[in-house]
Structures are given as structure tokens and as C-alpha cells.
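Heads up: the structure comes next, in C-alpha cells.
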Protein chains: 2
Amino acid sequence: MAIQVRDTRQKKAIRAAFSSAARPLSPEEALQEAAAHVRGISVATIYRNIHALIAESWLSPVEIPGEPARYEVAGKGHHHHFQCERCDRIYDLPGCTLQPIPGLPGGFALTGHELFLYGLCAACNQSPA
Amino acid sequence: MAIQVRDTRQKKAIRAAFSSAARPLSPEEALQEAAAHVRGISVATIYRNIHALIAESWLSPVEIPGEPARYEVAGKGHHHHFQCERCDRIYDLPGCTLQPIPGLPGGFALTGHELFLYGLCAACNQSPA
DNA sequence: CTGCGTGCAAATGCTTTGCAAAGAC
DNA sequence: GTCTTTGCAAAGCATTTGCACGCAG
């Protein structure tokens, strides 16, 4: 599959969905957003365009432990994510405050890290249990 | 599905697989280990017993971003994991050195975290590229 | 003996892919 | 018009489940 180059109305809608979202979206969420502007858009198209946009470095994947991946517009620099345990939405957290990593077993080489925080988002935190 | 209570030869083999492993195992890895002792053991049995052992708090799941979950024997206390980018194996890291988490957006409540480190394990680090 | 647990195979849920038709340029 | 991208439906994986037989207690 070569990189997609044409600017179709589906691709525009998908870009718009991610651009206007304040948080990483799942393919399903992106589909719903995009479907509001392009009726009949299919999931396959969402997935194909997500991959194309990643190849263009316009999107980057946000892999959540034990959950389907989300995606967000690239270029935000190094940061981590917060998942709400009630609504399952993912939020961006500014920056990375990780201290120098300690005691790796001998012979191991470190190249990167991922940090996830869990809790309640503002919306869920305020609403009744 | 009620908790499984019988000590079948399959369950023994599965427990043995995780007990003797020095690292979290995927269901597939557990199957291969267990199959060496119980011929004809099926994947379904692996999954069913993994869930039963989790319900017994004997196993705990290790969810990896973007990868099928691994499982390890429970009771190790709070710790994190390291994934080798070459062989994809997961290793335990002793303890948690995470500093108090900083600037959460207003109204958010923190309840937990997950940290993953990536790099090369000792074995892969020494072998030719 | 009496069921619970197993193996098998069919069923999921999410993601990917083949193919003919629609549409970008 | 040409060649890419779409929509649909079928195929893939990892995991789950239904069912009849086999084995633990």
C-alpha cells in the first residue's frame, strides 16, 4: 500500500476530526466524528487514513495497555496520557516529569519509556457516583 | 462461569509454566510450555485457566501497550516492566521509582499509574545486530 | 457417580485486505 | 481519462464461548 496522496473528502473529514478533538481519539470515535460530515464513510477508510496520516507523520498512535489504540495529531513533543477509569477517555498530560530511570538489570539498554496515569477526569469526578 | 476449583493436570501444567518462568508470559508462550507436559492441551484451556488463576489472585495480568497481554504470578508487589524491542519479551523491573506525579489538570483525580521501559535486553544487546 | 473442566470448532471484536465502482486531478 | 481511494464484505488474529465427552473428587 503506497502512501495515500489524494485529498478526498473522507480524508479531510478524518483530519478535521482529529484536529478539533482535544484528546486522542479511537478509530470508532473518529468514525463517528467523520460520519457527521461525510455520510456513509466506512471504518475501513478510517483505518486506512489513520495509517496514511501516521506515515505522513501527521498523526501519532497512542497505545493504551489493554485497550484499542487511540490516535492524536503529531508534533506535540514528548508527553504522556491519562485515562479516566469511568469514561475510558484518554487525555494529554503536559510534558514528562520522569526522573532518570534507576537500576536496569545488567546488560540492558534503555531507549524509551511510556507512562500512563489512571484516575477520574474532571467531568466524571464531579458527576454522581 | 464459576471459578474453576478442580486441580486438573492441565491447570497444574499451566501453573508450573508461570512458576518456572522468570518473566511474564503470553498465553501463547504458556501454551507452548504447558504443551510440553500435557500433550493436546488447547488454547481455550490456557485462557480459561489464566482467568481462573487471576480470579484466585494467583496470576496477575501485565497489559502491554499495543500487544497481547502477558501474565505473571501475583504477589510481587508494585513494580513495572521492560520490553525488549528486538525479541519482544517482557522483563520485570524491581520496585517503582516514580516521583510524586506533577501537574494534573484541575479537577482530575489520580488513582494509579503504569510505567513501561523499552530497550534491548541483555541477550539481544550482546548478539549481532 | 456427578458434575466440572477439557478439546474442538464456531463465534467474537477489532483491524486488515481484495475487488469493483466512485471520484480526484 | 487515468489511477487512487472508497465501500463493502470477506479474511485475519487474539480471545471467548457452546457443546458433548472425559476425568477429578
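Computed from a predicted structure; not experimentally measured. First the proteins, then the strands, lettered A, B, ... as listed; each starts at 1. Heavy atoms only: backbone and side chains are in, while hydrogens, waters and symmetry mates are out.
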Task: Nearest non-hydrogen partners of B:Glu63 and A:Gly66, listed with the distance - done: OE1-CA, 3.3 Å

Task: Separation of D:dT17 C1' from B:Ile50 CD1 (nearest whole Å) - done: 16 Å

Task: Those residues that, when tested against A:Glu33, pass side chain to side chain donor-acceptor pair (under 3.5 Å) (two or more places apart) - done: none

TODO: Under 4.0 Å from any atom of DNA chain D, heavy atoms only: list the residues of residues 53-74 of chain B that qualify, in numerical order.
DONE: B:Pro68, B:Ala69

Task: Shortest non-hydrogen separation from A:Ile46 to A:Ala34 and the atoms involved - done: CD1-CB, 4.2 Å

TODO: Would you mind reading off the distance between A:Lys11 atom NZ and C:dA24 atom C1', rounded to a whole angstrom?
DONE: 12 Å

- [ ] Any chance you could pull the hydrophobic cluster mates of A:Ile64, using side-chain heavy atoms under 4.5 angstrom and chaining through other members?
- [x] A:Val62, A:Ile90, A:Phe116, A:Tyr118, B:Val62, B:Ile64, B:Ile90, B:Phe116, B:Tyr118

TODO: Test for a donor-acceptor pair under 3.5 Å between the base of D:dG7 and the side chain of A:Arg9, counting only N and O atoms.
DONE: no

TODO: Report the distance from atom CD of B:Gln4 to atom P of D:dG22, rounded to the nearest whole Å.
DONE: 19 Å

- [ ] Return yes if the base of C:dC25 and the side-chain atoms of A:Arg6 contain a donor-acceptor N/O pair under 3.5 Å, otherwise no.
- [x] no

TODO: Report the distance from atom CG of B:Leu59 to atom CD1 of B:Ile14, rounding to the nearest 0.5 Å.
DONE: 9.5 Å

TODO: In whole angstrom, give the distance that lies between atom CZ of B:Arg48 and atom P of D:dG18.
DONE: 10 Å

Task: Exercise: identify the closest heavy-atom pair between B:Gly107 and A:Asn125 - done: O-ND2, 2.7 Å

Table of protein N/O atoms under 3.5 Å from nucleotides 11-13 of chain C N/O atoms:
none

Task: B:Asn49 CG - D:dT17 P separation (whole Å) - done: 15 Å

Task: Rounded distance in Å - NZ (B:Lys12) to C1' (D:dC23) - done: 12 Å

- [ ] Using a cut-off of strictly less than 4.0 Å between a heavy atom of the residue and any atom of DNA chain D, enumerate the qualifying residues of residues 22-44 of chain B by number.
- [x] B:Pro27, B:Ala44

Task: Distance-minimising heavy-atom pair for B:Val38 and B:Ala13 - done: CG2-CB, 3.7 Å

Open item on the list: Between A:Gln10 and C:dG23, is there a contact of a side-chain N or O with OP1 or OP2 at under 4.0 Å?
Closed with: no

Task: Gap between atoms CD1 and P, on A:Ile46 and C:dT17 respectively (whole Å) - done: 17 Å

TODO: Consider only side-chain heavy atoms of I, L, V, M, F, W and Y, link residues closer than 4.5 Å, and tell whether A:Leu117 and A:Leu120 are in one cluster.
DONE: no

Open item on the list: Taking A:Arg70 first and then A:Asp88, would you say they form a salt bridge - that is, a charged N and a carboxylate O separated by under 4.0 Å?
Closed with: no

- [ ] Taking all non-hydrogen atoms of both residues into account, name the closest pair between A:Thr111 and B:Gly119 and its distance.
- [x] OG1-CA, 3.5 Å

- [ ] Could you work out which one of D:dT6, C:dT16, C:dG7 sits closest to the side chain of B:Thr45?
- [x] C:dG7

- [ ] Give a yes/no answer on whether the side chain of A:Thr8 brings an N or O atom under 4.0 Å of OP1 or OP2 in D:dT6.
- [x] yes

Task: For A:Tyr91, all residues meeting ring-ring contact (aromatic ring centres under 6.0 Å, His included), sequence neighbours excluded - done: B:Phe108

Task: B:Ser127 versus B:Arg86, closest heavy-atom pair with distance - done: OG-NH1, 3.4 Å

